[in-house]
Amino acid sequence: MRARSARALPQIERDIYLLAIVMLIAGFWRPYPVLLAMTALYGFLISRIGVGLFTLVQNVTDVAYLGRVFGIWFISVDFMHPLGNFIFGFVIDWLGDGTFVLMGILLALCLGLTDLVFRKHTAV
């Protein structure tokens, strides 16, 4: 199972970087057909990332703990939605379409930082 999860993680990372690029394109290039295409790509990538993460968790978690792990995951995500809506309600008012650019940059930076920390941690 560990071998499959080791192969899945780089694909999830590539999808997240691609998602960041999609957000940057939507922020910089705003003709309606482009936004429509970026919306479709965004939905596809979010679904693909979600399925990849669920599969990864299922592969690395003992069956006896799977319900608990997913329960904590769903509670955490549900808890963060109102906070994100509150914060980005104000950010969108200030930045408008620039919010896409901000989110794309933050997404790429956070994943790059996480990747750097974990690579350094696993090298030790």
Side-chain angles (χ1 to χ4, degrees):
M1 278 195 255
R2 300 267 183 217
R4 279 189 286 171
S5 63
R7 287 191 313 258
L9 196 54
Q11 180 61 48
I12 294 169
E13 289 178 352
R14 282 191 296 274
D15 289 343
I16 293 172
Y17 281 122
L18 189 56
L19 183 64
I21 291 168
V22 163
M23 294 178 91
L24 287 171
I25 291 170
F28 286 124
W29 201 20
R30 297 183 201 116
Y32 185 73
V34 172
L35 290 177
L36 191 60
M38 294 304 106
T39 301
L41 274 172
Y42 177 87
F44 172 76
L45 289 169
I46 285 292
S47 298
R48 186 174 159 104
I49 291 165
V51 168
L53 288 172
F54 284 134
T55 303
L56 182 68
V57 168
Q58 287 176 330
N59 286 338
V60 299
T61 304
D62 188 63
V63 175
Y65 299 107
L66 211 47
R68 293 178 190 124
V69 170
F70 280 126
I72 292 169
W73 182 338
F74 294 136
I75 287 171
S76 300
V77 169
D78 287 345
F79 173 74
M80 295 306 290
H81 277 197
L83 181 62
N85 290 341
F86 179 75
I87 291 170
F88 281 100
F90 292 111
V91 171
I92 290 171
D93 285 343
W94 295 328
L95 296 178
D97 293 335
T99 307
F100 289 124
V101 175
L102 175 68
M103 291 304 297
I105 290 170
L106 287 175
L107 192 60
L109 281 175
C110 288
L111 181 61
L113 209 73
T114 302
D115 197 31
L116 182 70
V117 167
F118 279 106
R119 283 185 191 198
K120 184 178 181 181
H121 178 69
T122 55
V124 173

Side chains of residues 87-104: which donor-acceptor partners sit under 3.5 Å, not counting sequence neighbours?
{"residue": "D97", "atom": "OD2", "partner": "R30", "partner atom": "NE", "Å": "3.0"}
{"residue": "T99", "atom": "OG1", "partner": "G96", "partner atom": "O", "Å": "2.9"}

Show me the donor-acceptor pairs, under 3.5 Å and distance only, between side chains in residues 15-27 and residues at least two apart or in other chains.
{"residue": "D15", "atom": "OD1", "partner": "Q11", "partner atom": "NE2", "Å": "3.0"}
{"residue": "D15", "atom": "OD1", "partner": "R48", "partner atom": "NE", "Å": "3.3"}
{"residue": "D15", "atom": "OD2", "partner": "R48", "partner atom": "NE", "Å": "2.7"}
{"residue": "Y17", "atom": "OH", "partner": "G112", "partner atom": "N", "Å": "3.3"}

> Going from CG on L111 to CZ on R14, what distance comes out if it is rounded to the nearest 0.5 angstrom?
Replying inline: 11.5 Å
> Given the rule that I, L, V, M, F, W and Y join up when any side-chain heavy atoms are under 4.5 Å apart, are F79 and L83 in one cluster?
Replying inline: yes
>> Test of understanding: clusters of I, L, V, M, F, W, Y form through side-chain heavy atoms closer than 4.5 Å, transitively. Do V77 and I49 belong to the same one?
In response: yes
> Where do E13 and D115 come nearest, in terms of heavy atoms and distance?
Replying inline: OE2-OD1, 3.4 Å
>> Using the rule that Ile, Leu, Val, Met, Phe, Trp and Tyr join whenever any side-chain heavy atoms are under 4.5 Å apart, tell me whether I12 and L109 fall into a single cluster.
In response: no
> So M38 and L41, side-chain contact (heavy atoms from CB on, under 4.5 Å) or not? Walk me through it.
Replying inline: CA-CA 5 Å; M38 294 304 106; L41 274 172; 3.8 Å; yes
>> Tell me whether L53 shares a hydrophobic cluster with V63, the cluster being built from Ile, Leu, Val, Met, Phe, Trp, Tyr side chains joined at under 4.5 Å.
In response: no
> Hydrophobic clusters join Ile, Leu, Val, Met, Phe, Trp and Tyr when side-chain heavy atoms are under 4.5 Å apart, directly or via other members; which others share one with Y32?
Replying inline: L36
> Can you find a pair of side-chain heavy atoms, one from F74 and one from S76, that are under 4.5 Å apart?
Replying inline: no
> Would you say V57 and F54 are hydrophobically clustered, going by side-chain heavy atoms of ILVMFWY under 4.5 Å?
Replying inline: yes
